[in-house]
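Since the model is a prediction, treat every value here as computed from it, not as a measurement. First the proteins, then the strands, lettered A, B, ... as listed; each starts at 1.
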There are 2 protein chains.
Amino acid sequence: MANDNAPIQFPNIPPKGPNGDLLLAAERAKATFDVKSLTKIMYTEQYLKKMDKVLDVLENDPAFDKSDRYHHSRPEKIAASLWKDKRLIELTKEHNWDEEEVGIANFLYDMSTPFTLHYSMFIPTLKNQTTDEQKKLFLERALKHHIIGCYAQTELGHGSNVQGLETTATYINETNEFEIHSPTLTAAKWWIGGLGRAANHAIVMARLILNGKDFGPHPFCVQIRSLEDHTPLPGITVGDLGPKFGFNSVDNGFIMFDHYRVPHISFLAKYSQVKPGSGEYVKPPNAKLSYGTMVWVRANIVLGVRMAIAKAATVAVRYSAVRKQFVDAANPRKWDNQVIETPVIDYTMQQYRLLPAIASAYACYFTGRDMMRLYELNQAEMAKGNFGLLADLHASSSGLKSLTTTMAVSTIEDMRRACGGHGYSMFSGLGMFYQDYLPNATWEGDNYILTQQTARYLLKTYRNVVAGKAVASEYNFTVNYLLQYLQNPNAKCPATTGADLLNPELILSAFGFRAAYGIAKTAELIDKQGHSWNSMLVEINRISRAHCQYMLVRTFIVSLQTDERFAKPENRDLLKVLRNLASLFALYTMEQELGEFLTSGYFNSEQAALLKQQVIALLEEIRPNAVALVDAFALPDYYLNSALGRYDGKVYESYTKAAEGEPLNKQLVVEGYEQFIKPLVHDGLNPAGAQAAKL
Amino acid sequence: MANDNAPIQFPNIPPKGPNGDLLLAAERAKATFDVKSLTKIMYTEQYLKKMDKVLDVLENDPAFDKSDRYHHSRPEKIAASLWKDKRLIELTKEHNWDEEEVGIANFLYDMSTPFTLHYSMFIPTLKNQTTDEQKKLFLERALKHHIIGCYAQTELGHGSNVQGLETTATYINETNEFEIHSPTLTAAKWWIGGLGRAANHAIVMARLILNGKDFGPHPFCVQIRSLEDHTPLPGITVGDLGPKFGFNSVDNGFIMFDHYRVPHISFLAKYSQVKPGSGEYVKPPNAKLSYGTMVWVRANIVLGVRMAIAKAATVAVRYSAVRKQFVDAANPRKWDNQVIETPVIDYTMQQYRLLPAIASAYACYFTGRDMMRLYELNQAEMAKGNFGLLADLHASSSGLKSLTTTMAVSTIEDMRRACGGHGYSMFSGLGMFYQDYLPNATWEGDNYILTQQTARYLLKTYRNVVAGKAVASEYNFTVNYLLQYLQNPNAKCPATTGADLLNPELILSAFGFRAAYGIAKTAELIDKQGHSWNSMLVEINRISRAHCQYMLVRTFIVSLQTDERFAKPENRDLLKVLRNLASLFALYTMEQELGEFLTSGYFNSEQAALLKQQVIALLEEIRPNAVALVDAFALPDYYLNSALGRYDGKVYESYTKAAEGEPLNKQLVVEGYEQFIKPLVHDGLNPAGAQAAKL
């Protein structure tokens, strides 16, 4: 086969016109606001400059090349990731990048790696939980990458139930050591990122056993692999836990300990301590302040959700402006006076899928930003000894983490499907993204379990409000909407036209009423009718969602009313577009949850019908700005890594180019031909086999 | 590194008890019906025997081994698939398997391969669309695998809009040939299974051009690769289109034609013909009968949905009985008089996720079966010249294909998530299954576009009913529920207790009323208020769903009332369980669509509250049979290929065993260590670097 290894090349002919670049240019010309202004408002000019600078470096560095990303096998993914990890350390030094710039590099590269947990969990834990002596021994070396670490908490048999962890760390008084041990198979540490292949150290959460008494899980910093040759140390079984639905660029691993001894200093002793020799336990001081950190982490997750949804929406919206399907006979689209097939973005059903996604990305931007503000406000108040904001903020942030990451997960997949058949190609950029994003629904609190925390707070607050022990406040919206509901639990929505439903006050009353109604009914069933917590879990999930949808809608609306940047005359057009988005987000959410709004009695059937039509009217109004609104997120092509979502709209050229690169195409004839196909086909060429084929 | 290539092995210690085998045995002891009876009813004894026989062969044949399936890279997947394709041909001969047995082998192997489209599209098309001469030339050789084919319809730029296909086949009168040509980049045939690497022939759908006149898409059978050495023939650009979200065991490919000549006989001439020399077109006879085949294909898809949901539910339900999390303090679970953590299946929220999935698998079983019955009934009627059933059957089958495959897609992913963190491991068996199942939502009619067909029929029927041109009939339920609605469009649901909601008549009235209400309102907006079809697409999607949910609920309920097998005294317990499942399916669906039931005015708020509580009550009632109900689907472990869903419940043993096999673990030290990790860590061992680490 002389032609073997001949590359496959598409002929150099254009797609059926009008081509994507022209269609996207026409879309951009329709925008009614200045895209760059919105981008600057969201990111700041200084951040955008940093992004440009870092992007320029990454796009020209082979370790950050993404062109083979969708072809890599599992071992190739790990190898590419380790290369990136080492190269990022070098680039950071070379370009003297600050923490924000390193963050931008990781954001743009957009794939977790074996070292990710070293930065996100190992180092932060060492910063927060160590004595000065331990900082010298562990933290300083970790910062220099002289040791590489991970964070080993979850076990094969226990995740959310941290108190059920089985790994033990028994203090040996005689030798001043701890013996770390995995008593059962389910005690294996599991899912630990970086552990499978890369780390030589781990923070291990193990039950502290002192003089026969169990003090529950505590953190230890433990060496697990040789610093000389990286082989596992004796007493340890460690490895990669195999292929996952996504996240295959990370070496999530397992580890089991067989009576593994570590020195006394391995026990991270910033808070609780173990006295050498006697094994006496010294209790930690009460640490309510750590809840503040959780709020910060979750605010960041919500801001991350914004980017995740924006990424998916950018791809789907741009491609929907380029992809044409059928001629809409009632309203044929024309181009240069010729009827062309209608770009799918012009179909209402497609708008109904795309535009609420854009709206939710902006909703998460405003809410994430506001959570940051409240986090800082709360830190300042706590420093003054005022813990009054904490409970509400913590409960809302738990529920918002759950609600928004669940939204992101389903939106990414919705956007992939909204790309039609080609959404199924990895070159859409959305398949792997969905797979890699999914763990967000599980880590930092399982999304189902978190809603129980939020609901517990809501029910407690309700009981306090009923008992007259809670008063309206500037910050506690939960108390406010509960009070409003209790004043008139038979209130009815006053809307008589679709336009009435756009009134921000009306929207907030409706969301508050619906949340309060669910909380009140749940409290009644539990407190008065004696239903068990377990039997109420479905409702408990619902009231957390109702509360957090109220928060998202409220923050979106109020931010537009109060943020002075939008009050400037030059941003008037922008404000109008964002107000429409806020309305769409609110009304679309209402429609999705219509059963609850109707059950609460606040809405009636006629209003439900008005609502549906108003949603369609808003789609029509927002439609001309669809491409501009995703452009405003300013996500570079390098980040999107999508043939369908390119800024220039050259979808088909880029997609066929990508297909040329498929490794299977490097051989003109498929491997396995000689063994599996040729014998069958050549049988037909033999005189005996071919007989039937002769005419 | 002396230890290199030492396999990683977990210590031989048990998981924390009670172990999965004991927990599943306890679950099975709770069943209130005979599992084997239900299995036999669903499959027949003869089918089960065939399944056992085929299973035994596959489990012992290395070409059908699944143990490396989740580790394979893309090229490994293709190579393994070609091996399977060839081996299946051999096994079929060896064991003299009939068509059903080959079908069982493909079902159990559960992964499409490069030859899949040869059987499912190439051969059937040759059977249906060829002349006798063409049968000899193409079909006979295809049946002997002397030629391997695929079906090339979809193009890069056109999928659902078949009339928009761009590839041309221009008849050359002088040479009696057709010239097949791809005029633009978007004319590239795309997504074609088997084309990328395996096929040497293709059915190509191309616009027939005769004497300058375009007759639209017609089928051609075209050789594309050499039978001698499998290289692409001159004038053809062909290859694999690259990695996909799933289905990577298939070589979906592209092909472009550059003025590629084929002989006159390539044009498949069973229906329309082209006269040699003159290029005169001979029209096909009107072929309304082909709609019947579509019903058959879609009935099979619905029966396939049953298996897809059953597979996912089997894994999630069994694992939820084994997986324990937290102690439910209000109702602690005991084992051997010791409090144990509660199996997650005992949490209401988990039941709310799992049990409706089981119910929907059974719903699809009854509906798929009934569609087959109606298909045969309709074929018989059409043979008598009666086309009265066809329109309703065709519309319902379109909508049911859309609704049930959409249900399957989301249920598979729900079940994967219901497995908690471990659902993310490929060893759950559900990740790749989700990815591979997804195309069902797109092929055989895009799920969104199909609902427009259904809605068109529903609106037309409504107009006929209003005009008095349609009468109640034994078979046409659409007419029946529309008539009932029009008799009393202000009807109210009479339920006053939760138990009332279990009444089958009440359930059917509610679903019929809700569907009719939506159809009537949509008709009004289009016909009286002049809304465009495009602006109504969201509602159009909803009325198709409402109609098909009615069909699913109706068939489930009526089958239990009329199927004589359930009337037998020995099946009384079984019938009771299935009735509960039917109620759960109906009430859970109502709850998901509560907004529509309330908007229609048929339900009120109090009934909505009753509904929610009745769903929870049904969960409790069905709960003891959960494992038995998935066992009844009798899906073998070989088919499930899941560490979590094994029949014996030995989840953790099987899962850790699978992790041992991860290829990355075959080397004690990760590839890339020398280059990317060692330099960092050894810097810390040098006197200069290590300084800071000294205590």
Side-chain angles (χ1 to χ4, degrees), chain A residues 8 13 15-16 70 73 79 82 86 140-141 145-146 157 159 161 184-186 197 227 230-231 239-245 325-326 330 348-349 352 421 424-426 431 442 532 534-535 537-538 594-595 598-599 601 605 608 652 659 662 664-665 668-670 672-673 676 680-681 684 692-693, chain B residues 8 13 15-16 70 73 79 82 86 140-141 145-146 157 159 161 184-186 197 227 230-231 239-245 325-326 330 348-349 352 421 424-426 431 442 532 534-535 537-538 594-595 598-599 601 605 608 652 659 662 664-665 668-670 672-673 676 680-681 684 692-693:
Chain A
I8 289 177
I13 52 175
K16 191 181 180 190
Y70 302 130
S73 69
L82 287 172
K86 173 137 186 290
E140 286 184 12
R141 289 160 76 203
H145 304 95
H146 292 165
N161 181 11
T184 68
L185 193 60
T186 38
R197 310 266 68 202
L227 298 185
H230 210 58
T231 53
D240 182 283
L241 54 73
K244 293 149 292 184
F245 190 54
Q325 194 178 37
F326 294 107
T348 310
M349 190 72 221
Y352 190 75
Y424 198 62
S425 166
M426 278 312 215
T442 308
S532 70
N534 183 5
S535 74
L537 287 174
V538 176
L594 190 54
L598 287 164
T599 306
S605 299
Y652 300 110
E662 162 58 44
L664 286 172
N665 292 337
L668 206 57
V669 170
V670 66
Y673 163 71
F676 306 124
L680 298 168
V681 173
Chain B
I8 288 178
I13 52 175
K16 191 181 179 190
Y70 301 131
S73 68
L82 287 172
K86 173 135 186 293
E140 286 183 14
R141 289 160 77 203
H145 304 96
H146 293 165
N161 181 10
T184 68
L185 193 60
T186 37
R197 309 268 69 202
L227 298 186
H230 208 60
T231 53
D240 182 284
L241 56 72
K244 293 148 293 183
F245 190 53
Q325 195 178 37
F326 293 107
T348 310
M349 189 71 222
Y352 191 75
Y424 197 63
S425 166
M426 279 311 215
T442 308
S532 70
N534 183 5
S535 75
L537 286 175
V538 176
L594 192 53
L598 287 164
T599 305
S605 299
Y652 300 110
E662 161 59 43
L664 285 173
N665 292 337
L668 206 57
V669 171
V670 66
Y673 163 71
F676 306 124
L680 298 168
V681 173

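- Only the side chain of Y352(B) comes within contact range of chain A, with at least one heavy atom under 4.5 Å from a heavy atom of that chain.
- Taking both residues in full, the closest heavy atoms of L185(B) and I13(A) are given as CB-O, 3.4 Å, listed atom of the first, atom of the second, then distance.
- In this structure the side chain of L594(B) never reaches within 4.5 angstrom of the side chain of L594(A), judged on heavy atoms.
- To the nearest 0.5 Å, atom CG of residue L227(B) and atom CG of residue L680(A) are 12.0 Å apart.
- M349(B) CE to N534(A) CG: the interatomic distance, rounded to the nearest 0.5 Å, is 11.5 Å.
- For chain A, the option among T442(B), L241(B), N161(B) with the highest count of heavy-atom pairs below 4.5 Å is N161(B).
- Options G239(B), P243(B), A330(B) differ in how many heavy-atom pairs under 4.5 Å they form with chain A, and the most are formed by P243(B).
- One finds the CG atom of D240(A) at 4.5 Å from the CD atom of E662(B) (value rounded to the nearest 0.5 Å).
- Options S73(A), S535(A), A79(A), A608(A) differ in how many heavy-atom pairs under 4.5 Å they form with chain B, and the most are formed by S535(A).
- Smallest separation of non-hydrogen atoms from R197(A) and L664(B): NH1-O, 2.8 Å.
- Between T599(A) and L598(B), some side-chain heavy-atom pair lies under the 4.5 Å cut-off.
- The choice from S532(B), G595(B), G601(B), G672(B) that makes the most heavy-atom pairs within less than 4.5 Å of chain A is G595(B).
- A donor-acceptor contact shorter than 3.5 Å links the side chain of T186(A) to the backbone of K16(B).
- Scanning all heavy atoms of the two residues, the minimum distance from H230(A) to Y673(B) falls at CB-CE1, 3.3 Å.
- Looking only at side-chain heavy atoms (C-beta outward), H146(A) and V681(B) stay at 4.5 Å or farther from each other.
- Ring geometry for F245(A) against Y424(B) counts as perpendicular: the plane angle is over 60°, on a 0 to 90° scale with 30° as the lower cut.
- Among P15(B), G157(B), S605(B), the residue with the largest count of heavy-atom pairs under 4.5 Å with chain A is P15(B).
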| said: Checking V669(A) against T231(B) for the side chain to side chain contact (heavy atoms under 4.5 Å, CB included) test, could you report, in this order, the C-alpha distance in whole Å, the side-chain angles of both residues, the deciding distance, and whether it holds? | reply: CA-CA 6 Å; V669(A) 170; T231(B) 53; 3.9 Å; yes

